[in-house]
Amino acid sequence: MTGWTTSEMMTVAASRALADRATCFVGIGKPSTAANLARATHAPDLVLVYESGTIGAAPDRLPLSIGDGVLADTATSVVSVPEIFNYWLQPGRIDVGFLGAAQLDRFANINTTVIGPYDDPRVRLPGAGGAPEIAASCGEVVVVVSQSRRTFVDTVDFVTSVGFGRGPGDRERYGLRGRGPTQVITDLGVLRPDPETCELVLVAVHPGVEVQQAREATGWDLRVADDLVVTEEPTTRELEVLRAIEATAAPA
Amino acid sequence: MTGWTTSEMMTVAASRALADRATCFVGIGKPSTAANLARATHAPDLVLVYESGTIGAAPDRLPLSIGDGVLADTATSVVSVPEIFNYWLQPGRIDVGFLGAAQLDRFANINTTVIGPYDDPRVRLPGAGGAPEIAASCGEVVVVVSQSRRTFVDTVDFVTSVGFGRGPGDRERYGLRGRGPTQVITDLGVLRPDPETCELVLVAVHPGVEVQQAREATGWDLRVADDLVVTEEPTTRELEVLRAIEATAAPA
Amino acid sequence: MAELMSLPDAVASLVHDGDTVAVEGFTHLIPVAAGQEVIRQGRRDLTLVRMTPDIVYDQMIGAGCASKLIFSWGGNPGVGSLHRFRDAVQNSWPRPLAIEEHSHAGLANRYVAGASGLPFAVMRGYRGTDLPAHTDTIRSVVCPFTGEELTAVPALTPDVAVLHAQQADRAGNVQLWGITGVQKEVALASARVLFTVEEVVDALEPRPGAVVLPSWVVDAVAEVPGGAHPSYAHGYSDRDNDYYRSWDAISRDRDTFTAWLDREVLGTTGVTP
Amino acid sequence: MAELMSLPDAVASLVHDGDTVAVEGFTHLIPVAAGQEVIRQGRRDLTLVRMTPDIVYDQMIGAGCASKLIFSWGGNPGVGSLHRFRDAVQNSWPRPLAIEEHSHAGLANRYVAGASGLPFAVMRGYRGTDLPAHTDTIRSVVCPFTGEELTAVPALTPDVAVLHAQQADRAGNVQLWGITGVQKEVALASARVLFTVEEVVDALEPRPGAVVLPSWVVDAVAEVPGGAHPSYAHGYSDRDNDYYRSWDAISRDRDTFTAWLDREVLGTTGVTP
């Protein structure tokens, strides 16, 4: 099917990263849209966990905030914020964490804190939120972020959430028990960490995207997998469901 | 009024130790009877907290266990057992802790663990339960126990819950933030710690009790206050209410 | 995802010789039927963990299932002693029973640490008592900010939690209410989780004060109406205080206990007709 | 025991210049009306604590109430930046704002330690990030049993908690439900507790998922219907997402913000006729 946007392609690709029956710690925005798309298509028993304390939320419309009332109304269980972090995230019960990024580096470290020096920031960003512990404790992390030289930098200005630190062995050294980022899904394609070096490698481009575009949108010398594939384009059903979901979030 | 038992006198005296509006951490048995008597007489706004997690329970009959359903049905709030200890008892929010004892010594240390050596006990008792932290963290502790040489010993075989340790300064040394035992109420009278030495001193005898009886029922050389008083005997109302309360606990 | 199965199948698949087993329930919702099924299946060398060893552990200890007990209060609530527990500790009958003794606050915090994926918990407790001298799972830790010395207890992570609740739905989500005790912490601290429930329902209706554990943190659910007797299930049954009183006589003597065990546990299937 | 009083009286009696104030509510039940009353009363040099500084703190910071902010995520949820917060951090307007930055897990655990009467909390977090280099309230602690190194954060014990709930009864017992966030921990960690509520009722009817705080841990209750707007009160109002969007334009520019402040806050009594 044709007639889809790169943003839609990114969301669809992200939703495909979620297996059925998995438990997923969901941030608001694209991750939430992708998770709800997955639940409405190939993963009906996907368990959505939001940091507001809602476990097994099954919203019938797209939540507009992490603490949207629809999450509490439809959840299997609603717990306090300390409990969601201490009893549910910290022990490694959650399979997949979905994160965004303002800056991302070649080792998939994430910055959502500041652009420029911390004490004299060029841009002050919102900060950590739940991300550092999601990145540390989920079984794996999927990063969803638009690709550009501004975002994909050689070294992040501030490590808010650890991907692979400075390379192999760092996660173990820090005692981080999750496997870390396994996929970075962008509007251009998909990157995965090299099992040897932990450096992000382009493993897929979305239909119509040239490798050169991805290289130009990356602030380091981007490696490309020998077996680079082209992402399967969104199916009619995926697009219909996605658009229906997004319509529910339209401004009142 | 006449015609009351020493056990009733003890319970009435214990109930009088509870001020209205106080918060009271209640154990089952005599403490619970006394606390409910206080609530039914001079302290209608006494807040009863049970270690089962019930805060502000207002049972209409005597609970038969620490986890009696009537406590949950009538409580302002029911919380988990970890929460009752960590959020409610530990910070020192509870004014009065009510404790019993199998052995009690001159410094009001309590043993509910073993009689004889720990590794080869003559009698294995139930153990600590909530007592060590009640004794440590409540604003003050009231001990309710029948007085005999078997129970009132010079030194307890095992310190399950700290009264004043080996004397002045020990509570501070151990970082115990409550004031410790302020009264020991028995079937013979009332003992209070000497402000200087922390040793228990007989300050009151119940009507009809001779000081000599109290001395004979004590395993150390019991000091008697110069201004020893005689406990005011139970009023008709106290006895009527107490008997009505105890009737509700009669075996089915 | 929790599987709905019979109690014998659930115990057979989740409880093994040598396991550390937490049969919990704070006065309320004590899984006595499940404990008796463990006896019936002849499990041995169990390390039993429970804040308030109560009739259920008196029975399991007397039946010889346990080699160690981790606990904080071992009595027959409102009645007196647990005679089988005392006989095991004082006379090693039917076999020696090692004990590891804590306070309620300490044991509750050990479950909290286990549920939280932490190796230990910090608390104010035990200081000045004789417990640390006899229990090596009580140590101290210094606050890195104030320098204050506090008490540390290690996480408890049982091999299997055995718990009772009022309801489960057909997907295996479990709901319990009333006095909820340490049930959530024990379930989340344990490697495997077995729930007996009063009733399996089509849908769990939300209740004030309820704890709901999602199916994906539970392994097995067995429908056992009355499975908490002589303790109770809030909204389903009352505590059988006469039974607790009568247990004193049954358990006081080894022969009467053994006769009771043969007649009431080993001689039955546990499945009420 | 909580006293029922007007919002101006409650703020005047409980919130003082220089206080550490936690105005909490995780997306839900944010006490915006109370925050605006603090602005109206001209409080200064406050250390503001909040996991998610949101419009309420953008307003208080822009109005010059704060000299320090302790937080874990400072944005306009679903919209973008908090412009007054950014202007204060980047340009010290209207005055310099010191910041102490944590993660959600870290700040939540700091409240837990405060509520528990402990000087610190233990957690897994921050390791490998740049946060410890800039936040000196993040340290490490070693497990006395395993030797494992973990993260420690100090207790947060605000001078006053400012919170919103759906209901209080006339005795001052407070009930909130829906997403309960860190409300209980903040109330129990703070020296003084101010609640605004949607409604004062004769009796609190038990609700699924509700948190009930007894009157004796609350100082003041003020009935302020709609007091959480533009956030929401589950069962009473919906989140005003348009307001959050419109805040972006109002707050982006100092003059439009100042005009808004004069017109909507300083120029009103806050008491809706």
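Every chain is numbered from 1 and lettered A, B, ... according to where its sequence line falls, protein lines coming before strand lines. All values below come from the heavy atoms of this structure, side chains included, with hydrogens, waters and symmetry mates left out.
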B:E232: what forms a side chain to side chain contact (heavy atoms under 4.5 Å, CB included) with it, not counting sequence neighbours?
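B:E232: side chain to side chain contact (heavy atoms under 4.5 Å, CB included) contacts with B:R16, B:T235.
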Would you say D:H102 and D:T135 are linked by a side-chain donor-acceptor pair, where the criterion is simply a distance under 3.5 Å?
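Checked: D:T135/D:H102 side chains show no N/O donor-acceptor pair below 3.5 Å.
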Donor-acceptor pair, B:E133 side chain versus B:F85 backbone, under 3.5 Å?
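Checked: no pair found.
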What option among [options] has the most heavy-atom pairs under 4.5 Å with chain B?
| options | value |
| --- | --- |
| D:D169, D:L188, D:V212 | D:L188 |
| D:L204, D:N173, D:L118, D:L213 | D:L118 |
| D:G114, D:A115, D:G117 | D:A115 |

Which bit of D:V112 comes within less than 4.5 Å of chain B, counting heavy atoms only: side chain, backbone, both or neither?
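Contact with chain B involves both backbone and side-chain atoms of D:V112.
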Below 4.0 angstrom, N of the basic side chain to O of the carboxylate: do D:R43 and D:D19 qualify?
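Judged by the 4.0 Å cut-off on N to carboxylate O distance, D:R43 and D:D19 do not form a salt bridge.
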Contact between D:M60 and D:V38 at the side-chain level, heavy atoms closer than 4.5 Å - yes or no?
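In short, these two side chains touch, coming nearer than 4.5 Å.
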Qualifying residue for side chain to side chain donor-acceptor pair (under 3.5 Å) with D:Y236, from D:Q167, D:Q166, D:E198
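Considering D:Q167, D:Q166, D:E198, a side chain to side chain donor-acceptor pair (under 3.5 Å) with D:Y236 is found only for D:Q167.
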Contacting moiety of [X], where chain D heavy atoms sit under 4.5 Å:
| X | answer |
| --- | --- |
| B:S137 | neither |
| B:V78 | neither |
| B:R93 | both |

